[in-house]
Structures are given as structure tokens and as C-alpha cells.
Amino acid sequence: LALGLHWPGSVVVTSPDYDVETWRLDQEAGAVDGLRWHDGWLYLASEGSSSVLRADFSGHVEVMNEGALSSPEDLVVDASG
């Protein structure tokens, strides 16, 4: 199976040890560069909106710091959370 590199919404998993789930977010996340799971939330570093967002399991998105960062690329969670 061959997929184009920019096939919208695609996930390719080559290991049988992983399951894939997809969910629809209730708002646009922009150009996401970084993802991090933490404490029941999916955090997204959005280069497109210069923001960090978080989404819960229902797909509800909250903007953590709208436009406060210049092109965030990745996310790190420190010991304090």
C-alpha cells in the first residue's frame, strides 16, 4: 500500500502492537507541529495559529495561549505538569 505524503488525515502504523483512533476536533487546530498526551488531554503546538491548544476525548478544543508564541514546534511537560 502506498500513500501520498500529504494525504489529509492519514495515519500509517507499521507495528501490529499499536491501535489507531481518530477523532474530529470542534475547531481548526492550524498547522500542528507538536503533540503531547498529558493528564487526559492531547496538547497541540500549532505553528499556524502561534498557539498551544488542548483537546479532550470528546474533541473539544481549548486555546491555552492564543497567538502568544512565534511558531511553536514541540511540547515538553516538566515534573510539575
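If you read the sequence from its start, that first residue is 1, and numbering goes on from there. Source: prediction; values computed, not measured.
Counting heavy atoms from C-beta outward, Glu28 and Val61 have side chains that stay 4.5 Å or more apart.
Applying the side-chain hydrogen bond (donor to acceptor under 3.5 Å, both in side chains) test to pairs two or more places apart or on separate chains, those with a residue in residues 45-58 are Tyr43-Arg54, Ser46-Ser49, Arg54-Glu62, Asp56-Ser58.
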Can you give the donor-acceptor pairs under 3.5 Å from side chains of residues 29-37 to other protein atoms, not counting sequence neighbours?
{"from": "Arg36", "atom 1": "NE", "to": "Leu75", "atom 2": "O", "distance (Å)": "3.3"}
{"from": "Arg36", "atom 1": "NH2", "to": "Leu75", "atom 2": "O", "distance (Å)": "2.9"}

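Hydrophobic clustering (ILVMFWY, side-chain heavy atoms < 4.5 Å, transitive): Leu44 and Phe57 are in one cluster.
Closest non-hydrogen pair, Ala55 versus Leu25, comes out as CB-CD2, 3.7 Å.
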